[in-house]
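Some notes on the structure that comes next.
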There are 2 protein chains.
Amino acid sequence: MNLPPLIRSFVLHFGEMGSRWGINRTVGQIYALLYVAPRPLCADDIVEALGISRSNVSMSLRELQAWNLVVLKHLPDDRRDFFTTPDDVWQILRTLAEERKKREVDPTLSVLREILMQPAGSEEEAHAQQRMAEMHDLIEQLTTWYDDVKRLETERLATLLSLGSKITRLLETKDRIVSFGRARKSERPGERRTGAATPRKDPEE
Amino acid sequence: MNLPPLIRSFVLHFGEMGSRWGINRTVGQIYALLYVAPRPLCADDIVEALGISRSNVSMSLRELQAWNLVVLKHLPDDRRDFFTTPDDVWQILRTLAEERKKREVDPTLSVLREILMQPAGSEEEAHAQQRMAEMHDLIEQLTTWYDDVKRLETERLATLLSLGSKITRLLETKDRIVSFGRARKSERPGERRTGAATPRKDPEE
DNA sequence: CATTAATTTCAGAAACTTCTGAAATCACCG
DNA sequence: CGGTGATTTCAGAAGTTTCTGAAATTAATG
């Protein structure tokens, strides 16, 4: 590996972090390198910088493309592919969130739904379904929130973040002034709201 | 593996998911099992249910304890350890977030800060620092928001979630009525706010 | 349509992680 | 304080992932 020391530390750290996240080390390193590079890099630049095999670079770039994390550039009169990351860090965050949701959250939700459709064959299974329904509802709440918030432009999202929990304090006040928080009285968190995930046994009780 | 079919699917799915997250398959399965079990389980119950070795169970439980994801119970006149997960799914989510932050986000922030303190030795490094500063600031904004919001009781957090982006619409209106959004005019997202992460070269420009 | 250069694929080697059974440790009891 | 049974540790076996170099493929050019 042949890199200026600051960039080197960054790249190595992201390699480490990558492996904690199920992304592999090389993929993490390549991403980090592209992220800080002042111009798009081609595969051989990466081979050179990280000292890994050409084929490994090829496979890892493929992986990064599958995650939509890199942008492909072409220079005139050069048929090599050059790669960068998007300039906007918020955009990167959005992509990351979207991809992880697609790969991890959505399949989990659908497994949970499927299990919850089946009839429980025992007390034990009925209890398990109850627990899975709780998990299902939590995840559904979070993804609904996410789907809503992800559409915000960056500036608004940043505003929302910088307010944080202050918002609830604001809402406290509004509750009493504007007619805004009305629906919330009847709906305590933890209780089931959607019909979809209700286990079979419920009707009999 | 000797489990009712519904529970079996759930456990297997969490095993799979676990491996995507750098948590290992067995640990994921054990967690899933404890999560849906109607009562605390001891190590031998787990061996029996999942058909894995006693020592593997021991190590995996250790791992789960290190993540604060399981609760230890003792029955009177029985010196075995029994394990459960907390009843409240929101609590589980909080713990998960806290632990992941501790292991992944905090170290990344501190690596970034460290690198940003060092003087850039070249154009290339200076550019890299600029990029790292952007990443640093984004992460810092997110963790500040998280630190703020995590203190909310579950009920309020749920309210906040269920409002989602509606809040910004509410704020639009308030901006004009109450004197609440004043600070935001001068502070465009994307621009540097904290001094901490500013790369050395800035002062000269 | 042959040549050349870039890129991808893939089988197996290397590295790493997970899992096991045997041995060591621990903690309670008489 | 020795015996008993539960639990943990650990060295190495089994399994998995990552990485490489050689071969195959692709695509542009004369």
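Residue numbers start from 1 in every chain, and the chains themselves are labelled A, B, ... in the order their sequence lines are given, proteins ahead of strands.
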TODO: Indicate, with a heavy-atom threshold strictly under 4.0 Å, whether B:N56 touches base, sugar-phosphate, or nothing.
DONE: base
Open item on the list: Which residues in residues 32-48 of chain A have a heavy atom closer than 4.0 Å to any atom of DNA chain C?
Closed with: none
Task: Value in whole Å for how far the P atom of D:dT7 lies from CG of B:L72 - done: 11 Å
Open item on the list: What's A:R80 touching, base or sugar-phosphate or nothing? Going by heavy atoms closer than 4.0 Å.
Closed with: sugar-phosphate
- [ ] May I have the distance from A:R62 (atom CZ) to D:dT25 (atom C1'), rounded to whole angstrom?
- [x] 12 Å
Open item on the list: Whole angstroms only, please: what is the CG-P distance between A:D78 and D:dA28?
Closed with: 12 Å
- [ ] Would you mind reading off the distance between B:L64 atom CG and D:dT8 atom P, rounded to a whole angstrom?
- [x] 13 Å
TODO: Using the side-chain hydrogen bond (donor to acceptor under 3.5 Å, both in side chains) rule, pick out the option among B:E98, B:E99, B:K102 that qualifies with B:N68.
DONE: B:E99
Open item on the list: So which atom in B:P40 and which in B:K73 form the shortest heavy-atom distance, rounded to 0.1 Å?
Closed with: CG-CG, 4.1 Å
TODO: Using whole Å, report how far CZ of A:R54 lies from P of D:dG21.
DONE: 13 Å
- [ ] Look at atom CZ of A:R100 and say whether more than 12 heavy atoms of other residues, nucleotides or ligands are closer to it than 6.0 Å.
- [x] yes
- [ ] Using whole Å, report how far CG of A:N24 lies from C1' of D:dT16.
- [x] 13 Å
- [ ] Counting heavy atoms from C-beta on, name the nucleotide in C:dG21, D:dC19, C:dT9 closest to the side chain of A:S55.
- [x] C:dT9
- [ ] Using atom CZ of A:R25 as one end and atom P of C:dA15 as the other, report the distance to the nearest whole Å.
- [x] 11 Å
Task: Of the listed nucleotides C:dT20, D:dA6, C:dT8, the one nearest the side chain of B:R79 - done: D:dA6
- [ ] Taking atom CZ of A:R25 as the centre, report whether more than 12 heavy atoms of other residues, nucleotides or ligands fall under 6.0 Å from it.
- [x] no
Task: A:R94 to A:Y146 - nearest heavy-atom pair and separation - done: O-OH, 4.1 Å
TODO: Find which nucleotide of DNA chain C each of B:T26 and A:L61 is nearest to by heavy atoms, and output the residue with the more 5' nucleotide.
DONE: A:L61
TODO: For residues B:L69 and B:P86, report the shortest heavy-atom separation together with the two atoms involved.
DONE: O-CD, 3.7 Å
Task: Minimum-distance nucleotide (side-chain atoms of A:I52 versus C:dG21, D:dG5, D:dT20) - done: D:dT20
Task: B:E134 side-chain N/O to A:D88 backbone N/O, donor-acceptor pair under 3.5 Å - done: no
Task: Atom-pair distance (CZ on B:R20; C1' on C:dT17), nearest Å - done: 19 Å
